[in-house]
Amino acid sequence: MTKAMRVVRSLETVYPDARCELNFESAYELLIATMLSAQSTDKRVNIVTKELFKEYNTAEKMVTLSEQELIEWIRTIGFFNTKAKHILQTSHILLQKYDGQVPKSREELVTLPGVGRKTANVVLSNAFQIPAFAVDTHVGRVSRRLGLTKSEDPNVVEKDVTSKLPKYLYSKAHHLMIFHGRRCCKAQRPLCDECVVLQECSYYKESQKSKNKKVRRKDSK
DNA sequence: AACTCGGGGCA
DNA sequence: TGCCCAGAGTT
């Protein structure tokens, strides 16, 4: 049993319902919702997509919207200008190259405008049940504090953590670390008193060691 | 590696 | 007011 597996087992007891919090009913809906969620919150994305997907829940329907019309739909979400453009471009490509379907490989997904490493992995694991470990700011920070990686590069973090996990735990580990990062292992003022993986945490050990010195700010930005 | 895009929520 | 939010693209 690796350290990463022990972490998953412990976090599971605290966040038994950890899961993707975006509302979706198809791979296309999840793809669009995930694109919208970048640097935003799932709660706000769900408010927008609840209405948007009633009319525009496929690539074919989405491209009937003009860029300005789509911007009006998503105006309450940050980066709406770029996101509207990317959503329409991606929808056109889906129609031209993939018969309107969402491709099921990371290589194909990341070629779509507005789809990066993280979005691709979220779609693969949550829409297609393909093992994938998506690294966002929370997952990266939690992984580094626990000592599962030392890298700031999300690609390296992904490699380091997945090398210590069986594939069937990739998605679960991803969701558990996000929940933990948001509710306990926060960027500022982490709630170490309430943490169930404190024994595994190199960040905590360091902060104890240098209690009278300046606490490391590397992961507190 | 370091920018830029960006409105809304919250202290 | 200032800081943060389940990132991606460009230089």
Side-chain angles (χ1 to χ4, degrees), chain A residues 8 11 15 17-24 27 29-52 67-68 70-91 93 102-103 106-128 130-145 150-158 161-162 170-191 217-221:
Chain A
V8 169
L11 292 181
Y15 315 109
D17 54 349
R19 58 181 172 78
C20 177
E21 293 192 321
L22 291 169
N23 294 330
F24 66 97
E29 288 190 4
L30 178 60
L31 174 64
I32 302 304
T34 308
M35 291 172 73
L36 288 173
S37 77
Q39 293 299 100
S40 187
T41 61
D42 288 5
K43 207 169 294 181
R44 194 175 314 144
V45 170
N46 283 338
I47 293 172
V48 169
T49 57
K50 183 180 179 186
E51 298 302 319
L52 177 65
E67 196 172 314
Q68 275 307 315
L70 183 51
I71 286 175
E72 288 309 314
W73 274 99
I74 66 176
R75 181 169 284 285
T76 59
I77 297 177
F79 305 125
F80 56 81
N81 225 323
T82 307
K83 285 175 181 174
K85 188 172 296 179
H86 285 163
I87 287 171
L88 291 177
Q89 288 175 344
T90 285
S91 296
I93 294 174
V102 178
R106 174 162 168 168
E107 292 71 29
E108 291 172 303
L109 281 166
V110 296
T111 66
L112 300 169
V115 181
R117 174 203 74 259
K118 188 259 175 181
T119 299
N121 277 0
V122 167
V123 170
L124 289 174
S125 71
N126 292 292
F128 300 131
I130 296 172
F133 184 74
V135 178
D136 57 31
T137 56
H138 295 301
V139 175
R141 181 181 67 252
V142 171
S143 298
R144 281 188 294 278
R145 285 181 174 172
K150 293 180 179 177
S151 177
E152 299 280 342
D153 181 345
N155 288 305
V156 178
V157 174
E158 178 180 348
V161 178
T162 54
Y170 286 3
S171 179
K172 180 173 286 294
H174 161 72
H175 290 119
L176 286 172
M177 286 190 183
I178 287 176
F179 270 57
H180 189 56
R182 292 188 62 182
R183 298 172 189 189
C184 178
C185 194
K186 301 190 284 188
Q188 293 94 0
R189 298 174 164 279
L191 311 177
R217 295 294 179 191
K218 192 177 176 186
D219 274 324
S220 301
K221 54 183 175 180

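Chain A is the first sequence line, chain B the second, and so forth, proteins listed ahead of strands; every chain is numbered from 1. What you are looking at is a predicted structure, and each value in this text was computed from that prediction instead of being measured.
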A.B. asks: Heavy atoms from C-beta onward define the side chain here; which of dG7(C), dC4(C), dC5(C) lies closest to that of Thr41(A)?
C.D. replies: dC5(C)
A.B. asks: For dA8(C), take OP1 and OP2 only and decide whether either is under 4.0 Å from a side-chain N or O of Thr119(A).
C.D. replies: yes
A.B. asks: Nearest whole angstrom, please: distance from the C1' of dA6(C) to the CG of Asn46(A).
C.D. replies: 12 Å
A.B. asks: Could you check whether Gly78(A) gets within reach of a base, just the sugar-phosphate, or nothing at all, counting any heavy atom under 4.0 Å?
C.D. replies: base
A.B. asks: Would you mind reading off the distance between Ile77(A) atom CD1 and dA8(C) atom P, rounded to a whole angstrom?
C.D. replies: 15 Å
A.B. asks: What distance do Ile93(A) atom CD1 and Thr111(A) atom OG1 have between them, rounded to the nearest 0.5 Å?
C.D. replies: 6.5 Å
A.B. asks: 5'-most contact on DNA chain C: Val115(A) or Arg44(A), nearest heavy atom basis?
C.D. replies: Arg44(A)
A.B. asks: Just wondering, do Leu30(A) and Cys20(A) contact through their side chains at under 4.5 Å, heavy atoms?
C.D. replies: yes
A.B. asks: Rounded to the Å, how far apart are Asp136(A) CG and dC4(C) C1'?
C.D. replies: 14 Å
A.B. asks: Nearest 0.5 Å please: distance from the OG1 atom of Thr49(A) over to the CZ atom of Phe24(A).
C.D. replies: 11.0 Å
A.B. asks: What is the distance, to the nearest angstrom, from the CZ atom on Arg183(A) to the C1' atom on dC5(C)?
C.D. replies: 15 Å
A.B. asks: Which whole number of Å gives the distance between the P atom of dT11(C) and that of dG6(B)?
C.D. replies: 16 Å
A.B. asks: To the nearest Å, give me how far apart NZ (Lys118(A)) and P (dC5(C)) are.
C.D. replies: 13 Å
A.B. asks: Under a 4.0 Å threshold between the charged nitrogen and the carboxylate oxygen, would Lys43(A) count as salt-bridged to Glu21(A)?
C.D. replies: no
A.B. asks: Would you check if Val157(A) and Arg144(A) make a side-chain contact, meaning some heavy-atom pair closer than 4.5 Å?
C.D. replies: yes
A.B. asks: How many Å lie between CD on Gln89(A) and P on dG9(C), as a whole number?
C.D. replies: 10 Å
A.B. asks: Under a criterion of less than 4.0 angstrom to any heavy atom of chain A, what are the 5'-terminal and 3'-terminal contacting nucleotides of DNA chain B?
C.D. replies: dC5(B) to dG9(B)
A.B. asks: Taking only residues two or more places apart in sequence, or in another chain, which ones meet Asp136(A) in a side-chain contact (heavy atoms from CB on, under 4.5 Å)?
C.D. replies: Lys118(A), His138(A), Val139(A), His174(A), Ile178(A)
A.B. asks: Distance check: side-chain N/O of Gln39(A) vs OP1/OP2 of dC5(C), anything under 4.0 Å?
C.D. replies: no
A.B. asks: Here's a test of your reading of the structure: between Ile178(A) and His86(A), which maps to the more 5' nucleotide of DNA chain C?
C.D. replies: Ile178(A)
A.B. asks: Between dA11(B) and dA6(C), how far is it from one P atom to the other, in whole Å?
C.D. replies: 15 Å
A.B. asks: Say you draw a straight line from CE of Met35(A) to CD1 of Ile77(A); how long is it, rounded to the nearest 0.5 Å?
C.D. replies: 12.0 Å
A.B. asks: Say you draw a straight line from CG of Leu52(A) to CG of Asn46(A); how long is it, rounded to the nearest 0.5 Å?
C.D. replies: 12.0 Å
A.B. asks: Nearest whole angstrom, please: distance from the C1' of dG7(C) to the CZ of Arg141(A).
C.D. replies: 15 Å
A.B. asks: Check every strand shown and say whether Pro154(A) touches a base, only sugar-phosphate, or nothing at a heavy-atom separation below 4.0 Å.
C.D. replies: nothing
A.B. asks: Mind calculating the distance between CG (Leu36(A)) and P (dG7(C)) to the nearest angstrom?
C.D. replies: 13 Å
A.B. asks: Within the structure shown, what part of the strands sits under 4.0 Å from Ile47(A) by heavy-atom distance: base, sugar-phosphate, or nothing?
C.D. replies: nothing
A.B. asks: Under 4.0 Å: is that the gap between some side-chain N or O of Thr82(A) and OP1 or OP2 of dA8(C)?
C.D. replies: no
